[in-house]
**Q** 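Structure below; questions to follow.
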2 protein chains.
Amino acid sequence: MTRLYDDPSTFTDDMLAGFLDVHRDTVVGVPGGVVRATETPPGKVAVVVGGGSGHYPAFCGVVGHGFADGAVVGNIFTSPSAQDAYSVGKAAAGDAGLLFSTGNYAGDVMNFTLAQERLRREGIDTRVVFVTDDIASAPPSEVAKRRGIAGDFVVFKVAGAAAEEGYDLDGVERVARHANDRTRTLGVAFAGCTMPGGAEPLFTVPPGRMGVGLGIHGEPGVGEDALPRAADLARRLVSGVLAEKPAGSGNRVGAILNGLGTTKYEELFVVWRTVAALLAEEGLEVVAPEVGELVTSLDMAGCSLTLVFLDEELERLWCAPADTPAFRRGQVRPAAASARRTGAALGGDATAIRPSTPGSRACGRVVVSALEAMAAAMKDAEAELGRIDAVAGDGDHGRGMVKGTQAALAAGRDAAAAGAGARSVLVAAGEAWAAKAGGTSGVLWGATLCAIGERLGDDREDVSGSDVADAVLAGLEALTGLGKAKPGDKTMIDAFAPFAEVLAERVRGGAELPAAWRDAAEAGEAAARATAELRPQVGRARPLAERSVGTPDAGATSLALCARAVAGVLEPAR
Amino acid sequence: MTRLYDDPSTFTDDMLAGFLDVHRDTVVGVPGGVVRATETPPGKVAVVVGGGSGHYPAFCGVVGHGFADGAVVGNIFTSPSAQDAYSVGKAAAGDAGLLFSTGNYAGDVMNFTLAQERLRREGIDTRVVFVTDDIASAPPSEVAKRRGIAGDFVVFKVAGAAAEEGYDLDGVERVARHANDRTRTLGVAFAGCTMPGGAEPLFTVPPGRMGVGLGIHGEPGVGEDALPRAADLARRLVSGVLAEKPAGSGNRVGAILNGLGTTKYEELFVVWRTVAALLAEEGLEVVAPEVGELVTSLDMAGCSLTLVFLDEELERLWCAPADTPAFRRGQVRPAAASARRTGAALGGDATAIRPSTPGSRACGRVVVSALEAMAAAMKDAEAELGRIDAVAGDGDHGRGMVKGTQAALAAGRDAAAAGAGARSVLVAAGEAWAAKAGGTSGVLWGATLCAIGERLGDDREDVSGSDVADAVLAGLEALTGLGKAKPGDKTMIDAFAPFAEVLAERVRGGAELPAAWRDAAEAGEAAARATAELRPQVGRARPLAERSVGTPDAGATSLALCARAVAGVLEPAR
């Protein structure tokens, strides 16, 4: 929802004041909107765009070189008045006439048409082009009823580039109409937006559903459907837009995958991956695609796909340089002389499989079973580990442990299958854990497994309980050296140290490995539970440390769970 | 929430695939992340940044000329592995060494340090700088424990600009550390983010509250408070950051007001308005401020203020050109020769007060009373009008009618106080309505009041009921001419036409104006209710038209409410 405002009734003015301060080098305010900070040069047609606000960067964000000369800024989702449009048009116009362009909404049509009439009476040749890209808003037989959504951006960009190139007013109007005829958009929405000061969204979409064809002011859509996977959404948007490919258009398209406000860049890139593949399958070549927030609707969730079917002229204008507060195209400096990279993958070295003894290979197979048990335990515990990590951390521990144990298991299994001994299975597993899981726990577990492996070696004929206990102590040493934490700092060391020490003590006292390990795992579990009483000392701000008292450490807990899982593997079969 | 993904476990890879396709002219993928599409030139230090993903445009979005040479991309909110950092560092490094820089998180510190060691072993001189700008994460006495948030952007930008300028590795490392020492951030959050595939947010903030000092991965903050007005939030952020102004720093600052994902540009500009004023009050000059989404946290709601206290070197590097997928600075083409605008306001002409008769002035005062009644009625009906407008429109009708009637009342009152007759009061009111309310209803009501005024004139000695009825018919004619709707199209005309016709008929039949108006208002109300059975015919897509059946038209309803309110004014005082 929209949360930050001073007075909802002055929201647009307050927003403009901040915008104009930030972008004072590029734009200045005039009554009704903004114009470029530089005068329109003699002979240049002025292009003034506009509509209601709440769509940033549309439309004040695209005033600048190569794009609009001015933007008329109405209240949120509300057409500016004819007076506003007149005022901005008058300020922007030089001696070569004026093109107004807005989306095709009744209020904008009336107000911009009235402003056009007034400017003409004052001797300024003025034209108006209304954008009708939204294919969901009326059938192809009633194109003139369609509203303008993200395709506004294409038409405004093309018109602005044409004016910058020196087209006369007839030419700018012609190419703007041509761009509109060649531009199609289909959008979906997942959640509504709230007005500043509003307690309820303008509209809602049931959870797990999407509205198809919703307008950028929350106007109801033409259908509703289950929220699909990203790839299926891409398919739906591409097929919807391509069903209206204009007759006679070629195989080159400009494209916008537009986010409406709370559908983030990461999600848009995931969708774009499939959009790009589908367009390529259709034999279309995408020129200068834009993926991001260009025409938003406050905090609405959703996205739209716009295609402009290019010819030579439209492609040149779509690709022409632009330099505005929110959108730039073209190189900031001359193309670098540097060589272009090939982009060839830089593969890491595969872990070498060293010669090994049968005894060490047998130990390696036990390690694989242990990794299987750990991966299963982490999968079961993922949600709970995330929950306790979120108390003083970022809640990613469960996810990281699942990724790490699965990667370790896969790599260990491959190594064992290739005939690796204990060391090589553990090193392969540790390296994979660190590489795939990332994060703090990934690197620490990875280093620990590698150290255990190095101590066990590939060359023992037999691996004794004492060998295992020594190797685990070597793992503890590696962990301590890398993590820099001390016992009592509320880290995995608080569980690992008692585990490793009890294991060594019981083995030295003559216990068999399975029994010693079970006792050690119990000590680790008790110690992990006891971390609930500790305050973290390393890398945590004091308030977070205070907050974490009463919750056990996530890293210590996951270590104890892994130790218990391995104990089950070591028990003699019954 | 994060809704669009194919497989949560491959989200980062899928995101990168889309990103690399869109920005293929600027960046290429390597194992573990991305590097510039051009080779690092001989003699240039490579700057490689990174951390977990979910923060776009941080950090893959800032790879390019003048900024980073590469970005290591971990999973969402998770440190990349040492192998990833090694791989990207190796790919990016030329012959002049490598600077790694990340936020100060345990996982990043370990993994990037391990990668540094490996690269050094291979003969690549490598340094690491960890950013510690978040003042809420540890007290000033423990700066080394602070984490990096939006200040990452400043340090990375400065280091990238220094490397581009030709600094050697010692110099790039030195200025990066210096930028970090001079950079402070304080952030707040209003709502948590969800991981791809997650059903629940990582954390929640109670409605109407804000978390102070929350981390960009949702780590708990240091306090919680009521969500303030935008200006009060600005005050809190500015005073918090300025409390840690570094000793010896001057009066020039770079600034970032960063949005975390769902706090939109419009809101950020409202906050910035006050931030800019407060910084000016403190005697600080802001250089090249950035207001927008630079370091996000998926769909988290919140924002942060970063200040970098500049000296001459830092200012030059902060302002240096950059050209990356998500961030550019510097002019795309040489500065235009065009004259800079003065930015002087272009005032509209004040409505001229014409000479008027006492009778017309008396009528003008009745008009003011009528406008008062209409404004009160619209205030009462605002929510309901919004609700019915949202069925097939954008739900802004109630807001627009409130703005319009209030603006009309203020202008009409001023005109009457200045001695205006009926015409001039109505024209002033109509022009103000159209100018301030904007939208469709604003322009239509404005034109209608102006036409009524023009027909009444300022020069009648007495205004009869018949004069009023004729003027209302003139208003209907203006409305129909401008709006192009026909009766039955489900617009305000459906209520206005019967109202005007009954008024004319009853007056012609000998009724006094109050009684005639009351009957006419009743006819308008009945007609407005009957619009529930109509389908809109103008400017609405067919599915929206279907959906609106059963709901009365908002414009007809507000017209009927206004007519009824004026009836109360015309009744003789009892």
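Just so we're on the same page: letters track the sequence lines, and every chain starts at 1. If you're wondering where the values come from, they're calculated on a predicted model, not measured in any experiment.
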**Q** Using non-hydrogen atoms and a 4.5 Å limit, figure out which bit of A/P289 sits close to chain B: side chain, backbone, both or neither.
**A**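 Both backbone and side chain.
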**Q** Which bit of B/Y56 comes within less than 4.5 Å of chain A, counting heavy atoms only: side chain, backbone, both or neither?
**A**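 For B/Y56, heavy atoms of backbone and side chain both lie under 4.5 Å from chain A.
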**Q** With no hydrogens and no angle check, do the side chains of A/T78 and B/D396 hold a donor and an acceptor under 3.5 Å apart?
**A**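 There is such a pair between these side chains.
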**Q** Does the side chain of B/E431 come within less than 4.5 Å of A/Q83's, by heavy atoms?
**A**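 With C-beta onward as the side chain, the pair stays apart.
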**Q** So does B/H55 get a backbone contact from the side chain of A/E266, meaning a donor-acceptor N/O pair under 3.5 Å?
**A**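 Looks like yes, one N/O pair under 3.5 Å.
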**Q** Quick one: what part of A/L202 sits under 4.5 Å from any heavy atom of chain B, side chain, backbone, both or neither?
**A**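 Interface part for A/L202: both.
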**Q** With a 4.5 Å cut-off on side-chain heavy atoms, are A/K264 and B/T2 touching?
**A**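 Counting from C-beta outward, B/T2 and A/K264 never come under 4.5 Å.
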**Q** Can you tell which part of A/T12 gets under 4.5 Å to a heavy atom of chain B, answering side chain, backbone, both or neither?
**A**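 Looking at A/T12, nothing touches chain B.
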**Q** Relative to chain B, which segment of A/V22 carries a heavy atom at a distance below 4.5 Å: side chain, backbone, both, or neither?
**A**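 Answer is both: backbone and side chain atoms of A/V22 are under 4.5 Å from chain B.
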**Q** Below 4.5 Å, heavy atoms only, C-beta onward: do B/L4 and A/F190 meet side chain to side chain?
**A**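 SC-SC contact between B/L4 and A/F190 confirmed.
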**Q** Which heavy atom of A/S81 sits nearest to which heavy atom of B/A434, and what is that distance?
**A**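 Shortest heavy-atom separation between A/S81 and B/A434 comes out as CB-O, 2.6 Å.
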**Q** What residue, out of A/E290, A/E293, A/R146, has the most heavy-atom pairs lying under 4.5 Å from chain B?
**A**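 Heavy-atom pair counts peak at A/E293.
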**Q** Taking the basic N atoms (NZ, or NE/NH1/NH2) and the acidic carboxylate oxygens, is any pair closer than 4.0 Å for B/R273 and A/D6?
**A**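 Judged by the 4.0 Å cut-off on N to carboxylate O distance, B/R273 and A/D6 do form a salt bridge.
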**Q** Under 4.5 Å heavy-atom distance to chain B, tell me which part of A/K436 shows up: side chain, backbone, both or neither.
**A**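 For A/K436, the contact with chain B is made by the backbone alone.
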**Q** Between B/V270 and A/F11, is there a side-chain heavy-atom distance shorter than 4.5 Å?
**A**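 When only atoms from C-beta onward are counted, B/V270 and A/F11 do touch, with a gap below 4.5 Å.
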**Q** Go through the atoms of A/L268 and report whether side chain, backbone, both or neither lie under 4.5 Å from a heavy atom of chain B.
**A**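 For A/L268, neither part sits under 4.5 Å from chain B.
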**Q** Most heavy-atom pairs under 4.5 angstrom with chain A, which of B/S9, B/G261, B/P8, B/A276?
**A**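 Between B/S9, B/G261, B/P8, B/A276, the count favours B/G261.
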**Q** Are B/F19 and A/Y265 close enough that their ring centers fall under 6.0 Å?
**A**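 No, too far apart.
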**Q** Could you look at B/S441 and say if it's the side chain, the backbone, both or neither that has a heavy atom under 4.5 Å from chain A?
**A**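 Contact with chain A involves no heavy atom of B/S441 at all.
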**Q** Keeping the roles fixed (side chain from B/R328, backbone from A/G330), state whether a donor-acceptor pair exists under 3.5 Å.
**A**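 It does hold such a pair.
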**Q** Please state whether the side chain, the backbone, both or neither of A/T274 comes within less than 4.5 Å of a heavy atom of chain B.
**A**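 Side chain only.
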**Q** Output the option from B/D84, B/D108, B/N75 having the highest count of non-hydrogen pairs under 4.5 Å with chain A.
**A**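 Most pairs with chain A among the choices: B/N75.
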**Q** With rounding to the nearest 0.5 angstrom, report the OG1 to CG distance, A/T440 to B/N111.
**A**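 Taking OG1 in A/T440 and CG in B/N111, the distance rounds to 7.5 Å.
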**Q** Side chain from CB out, backbone as N, CA, C, O: work out which of these in A/L114 comes under 4.5 Å of a heavy atom of chain B, or both, or neither.
**A**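 Side chain only.
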**Q** Count the heavy-atom pairs under 4.5 Å between each of A/A17, A/G107, A/S79, A/P57 and chain B, then report the option with the highest count.
**A**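 That would be A/S79.
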**Q** Quick one: what part of B/L444 sits under 4.5 Å from any heavy atom of chain A, side chain, backbone, both or neither?
**A**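 The side chain, not the backbone.
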**Q** Is A/L482 in contact with chain B via its backbone, its side chain, both, or neither, using a 4.5 Å heavy-atom distance?
**A**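 Contact with chain B involves both backbone and side-chain atoms of A/L482.
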**Q** So for B/R399, is it side chain, backbone, both, or neither that comes closer than 4.5 Å to the heavy atoms of chain A?
**A**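 The side chain, not the backbone.
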**Q** Roughly how far, to the nearest 0.5 Å, is the CG atom of A/D14 from the CZ atom of B/F269?
**A**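 The CZ atom of B/F269 sits 13.5 Å away from the CG atom of A/D14.
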**Q** Flag the one option from A/A231, A/G74, A/A277 with the top tally of heavy-atom pairs under 4.5 Å to chain B.
**A**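 Most heavy-atom pairs within the cutoff with chain B belong to A/A231.
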**Q** Given a strict heavy-atom distance threshold of 4.5 Å, which part of A/M210 is in contact with chain B: side chain, backbone, both, or neither?
**A**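 A/M210 has no heavy atom closer than 4.5 Å to chain B.
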**Q** Please look at A/A326 and chain B and tell me whether the side chain, the backbone, both or neither of the residue comes under 4.5 angstrom of a heavy atom of that chain.
**A**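 For A/A326, neither part sits under 4.5 Å from chain B.
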